[in-house]
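Presented below is the structure to which this report refers.
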Amino acid sequence: MTRTAPVPAKSPKWRRRPEHRPQQIIEAALEVFGECGLAKSRLQDIAARAGVSKGTIYLYFPNKEELFREMIRQTAVANIALGEKVTTQGTPTQQLYAAMRGYWDFVCSPVFSTIHRLVLGELHQFPDLAEFYANEVTARGLRLLSGIISRGIDTGEFREIDPMVASRMLVALTVMNGIWRDKHTGVPLLCHKKDEDVFREMAHFYLHSLTTSAGASAQADGAPSDADSLIPFDND
């Protein structure tokens with residue numbers, strides 16, 4: 001029977017205070033989950049990576065599954081919560097642009113790369129975690145986007161379209177472009193481009209697919225809106 005090799009421990013750069021230990025454990029879990037996968041990761045390996053005892057983990061998290069949930073809350077869910085705060089000002093076009101920007105920055109992060117691999121490759125083995133992710137991340141993120149799109153339809157900035165369908169298309173567009181930018185995915189089709197260039201192409205394409213009025217289309221092209229240029233777009 002093949003045994004899983006233990007994950008090498010990493011000495012903490014500094015000794016953290018007790019109140020910082022939950023975050024320390026979550027950061028270690030993200031690393032170990034990314035290296036070993038969720039199913040094969042062991043609490044003792046996470047403890048070693050965090051520089052604490054296995055018993056210390058149980059003071060904060062009853063099991064590996066709850067540790068995964070908290071990791072998702074502090075990364076993906078926190079990103080959505082931030083988006084909910086920053087998309088309350090300006091026109092719906094400006095709100096959607098801000099949401100797209102925040103989501104793109106998250107998709108380009110190493111954290112997202114790890115989470116995406118876990119969700120696609122392993123959550124089917126953990127039905128409770130799959131349901132948690134679907135409710136707390138996928139559904140909440142789609143509600144944020146569809147709410148903005150609904151407001152844009154009401155104001156006449158966006159054409160008549162099912163807001164939830166439009167939201168799903170935006171998520172798919174963002175995630176796939178992020179995957180094509182990631183040199184570790186095996187399909188690095190866009191590694192010759194900068195993240196900012198890909199975002200501007202994506203934002204230009206998507207906002208044009210939604211906009212209807214001349215004013216909103218001008219915003220999508222980068223014309224001034226309330227003295228600010230929304231997307232200064234040029235494509236080589």
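Just so it is clear, the model here is predicted, and its values are computed rather than measured. We're numbering straight along the sequence, starting at 1.
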Membership question, hydrophobic clusters at under 4.5 Å side-chain separation (ILVMFWY): are [Y] and [X] in the same one?
X	Y	result
Ile80	Leu82	no
Ile149	Phe205	yes
Val77	Val86	no
Leu210	Val165	no
Met164	Phe158	yes

**Study point:** Residues, nucleotides or ligands: over 12 heavy atoms within 6.0 Å of Glu131 CD
**Key:** no

Nearest 0.5 Å, please: how far is [atom2] in [Y] from [atom1] in [X]?
X	Y	atom1	atom2	value
Ile179	Arg117	CD1	CZ	11.0 Å
Leu144	Thr87	CG	OG1	5.0 Å
Met100	Asp105	CE	CG	11.5 Å
Ile25	Glu70	CD1	CD	11.0 Å
Thr211	Glu157	OG1	CD	9.5 Å
Arg143	Ser167	CZ	OG	11.5 Å

Using a 4.5 Å cut-off on heavy atoms from C-beta on, say whether the side chain of [Y] contacts that of [X].
X	Y	answer
His116	Val175	yes
Phe68	Leu118	yes
Asp45	Cys36	no
Asn79	Val111	no
Leu173	Met169	no
Val52	Gln24	yes
Phe112	Thr75	no
Leu38	Gln125	no

What I want to find out is whether [X] reaches [Y] closely enough, with some N-O distance under 4.0 Å, to be called a salt bridge.
X	Y	value
Arg140	Glu84	yes
Asp197	Lys194	no
Arg73	Glu66	yes

Minimum heavy-atom distance [X]-[Y], with the two atoms named:
X	Y	answer
Val32	Ser41	O-OG, 3.4 Å
Ile46	Ala28	O-CB, 3.7 Å
Leu43	Ile57	O-CD1, 3.5 Å

Say whether, by atom type as modelled, one donor and one acceptor occur between the side chain of [X] and the main chain of [Y] under 3.5 angstrom.
X	Y	value
Lys193	Arg181	no
Gln95	Gly90	yes
Trp104	Asp195	yes
Glu122	Ala39	yes

Practice item. With sequence neighbours left out, write down each residue that passes ring pair (Phe, Tyr, Trp, His ring centres under 6.0 Å) with Phe132, or none if nothing qualifies. Key: none

Check your understanding: Listed by chain and number, what are the side chain to side chain contact (heavy atoms under 4.5 Å, CB included) partners of Ser209, not counting sequence neighbours?
Key -> Tyr206

**Study point:** Ring centres under 6.0 angstrom apart (Phe199, Tyr103)
**Key:** no

Point to revise | Arg69 and Glu136: CA distance, side-chain angles, deciding distance, side-chain contact (heavy atoms from CB on, under 4.5 Å) verdict | key: CA-CA 10 Å; Arg69 288 187 181 92; Glu136 299 298 324; over 6 Å; no

Check your understanding: Could you go step by step and tell me if Leu96 and Leu170 meet the side-chain contact (heavy atoms from CB on, under 4.5 Å) rule?
Key -> CA-CA 10 Å; Leu96 186 58; Leu170 176 54; 4.0 Å; yes

